[in-house]
Amino acid sequence: MALLEIKKYPDKILKQKTKELTNIDGSTQKLIDDMLETMHSVRGLGLAANQVGISQRLCVIDLSIKEDNKIPLIILINPVIVETEGTVDAEEGCLSLPGYMSSIKRAEKVYVKGLNREGKPVEFEGAGLLARALQHEIDHLEGMLMFDRMSPIRREFFKRKYLRDIKKLKTDK
Ligand code: CO
């Protein structure tokens with residue numbers, strides 16, 4: 001296994017829609033293992049393949065550090081949200097926008113379909129933190145970041161502040 005570099009905004013790959021996987025092979029299995037290791041090394045709750053520079057429709061979610069292990073580790077290939085229910089506002093962060101938390105409005109419940117790591121079809125319902133994580137990761141696969149869910153004014157403010165802060169970080173070094 002290997003630790004992968006996590007791409008940070010404004011890396012262009014994060015804004016591109018990922019490609020569906022048509023062939024799940026050994027390189028997919030290695031990528032999944034590397035993504036899990038990378039996510040766990042930074043105590044992240046989820047990671048999408050394009051966040052490590054691979055534009056494929058694949059993501060991993062592990063909420064065991066937040067919730068008491070009731071939700072198993074999730075590996076999803078070609079996931080799609082089939083249905084949503086309700087809306088809820090909550091704080092979230094993103095490994096590609098380090099140091100930022102923001103309140104984002106999302107569906108309260110989602111119904112998701114996809115493939116597991118063996119390529120078998122899976123479908124399930126997610127609520128609470130799981131619903132939020134699924135929407136956040138599937139947004140990544142669509143080329144969307146947290147701020148794309150904000151109002152235009154908040155989005156511009158957030159992006160300007162973020163870009164100013166990372167520029168400052170670079171010049172401080
Ligand atoms: Co993210």
With [X], which residues qualify under salt bridge (Lys or Arg N to Asp or Glu O under 4.0 Å), at least two apart?
{"X": "Asp165", "value": "Lys161"}
{"X": "Lys8", "value": "none"}
{"X": "Lys159", "value": "none"}

- Query: Looking only at heavy atoms, which two atoms of Gln56 and Leu141 are closest? And how far apart?
  - Reply: O-CD2, 3.6 Å

Atom [atom1] of [X] and atom [atom2] of [Y]: how far apart are they, to the nearest 0.5 Å?
{"X": "Met1", "Y": "His40", "atom1": "CE", "atom2": "NE2", "result": "9.5 Å"}
{"X": "Phe147", "Y": "Tyr100", "atom1": "CZ", "atom2": "OH", "result": "11.5 Å"}
{"X": "Ser96", "Y": "Met146", "atom1": "OG", "atom2": "CE", "result": "10.5 Å"}

- Tell me who clusters with Leu21, hydrophobic residues only, linked when side chains sit under 4.5 Å apart either directly or through other members. Leu4, Ile6, Ile24, Leu31, Ile32, Met35, Leu36, Met39, Val42, Leu47, Val52, Ile54, Leu58, Val60, Leu73, Ile75, Ile77, Leu95, Leu115

Tell me, please, which residues at least two apart from [X] pass side chain to side chain contact (heavy atoms under 4.5 Å, CB included).
{"X": "Asp148", "result": "Lys15, Met144, Leu145, Arg155"}
{"X": "Thr84", "result": "Ile81, Ala107, Val110"}
{"X": "Lys120", "result": "Asn116, Glu118"}
{"X": "Ile166", "result": "Pro10, Tyr162, Leu163"}

- Task: Not counting sequence neighbours, list each pair that qualifies as a salt bridge (Lys or Arg N to Asp or Glu O under 4.0 Å) and has a residue in residues 36-48.
- Result: none

- Just grab all the side chain to side chain donor-acceptor pair (under 3.5 Å) pairs involving residues 103-113, residues at least two apart or on different chains. Asp89-Ser103, Glu92-Arg106, Arg106-Asp139, Tyr111-Glu123

- Note on the structure: Those residues at least two apart in sequence (or on a different chain) that pass side chain to side chain donor-acceptor pair (under 3.5 Å) with Ser27 are Asp25

- Item | Set of residues satisfying side chain to side chain donor-acceptor pair (under 3.5 Å) with respect to Lys19, sequence neighbours excluded | none

- Decide if atom CD of Gln29 counts as having more than 12 heavy atoms of other residues, nucleotides or ligands within a radius under 6.0 Å. yes

- Task: Taking Thr18 for its side chain and Ser55 for its backbone only, find out whether a donor-acceptor pair lies under 3.5 Å.
- Result: no

- Message: Any side-chain to backbone donor/acceptor pair from Asp34 onto Ala2? Under 3.5 Å, distance only.
- Response: yes

- Single-linkage hydrophobic cluster, 4.5 Å side-chain cutoff, Ile71 and Ile65 together: yes

- Query: Are Ile138 and Phe124 grouped together when hydrophobic residues (ILVMFWY) are joined by side-chain heavy atoms under 4.5 angstrom apart?
  - Reply: yes

- Query: Is the closest basic N to carboxylate O distance between Glu20 and Arg57 below 4.0 Å?
  - Reply: no

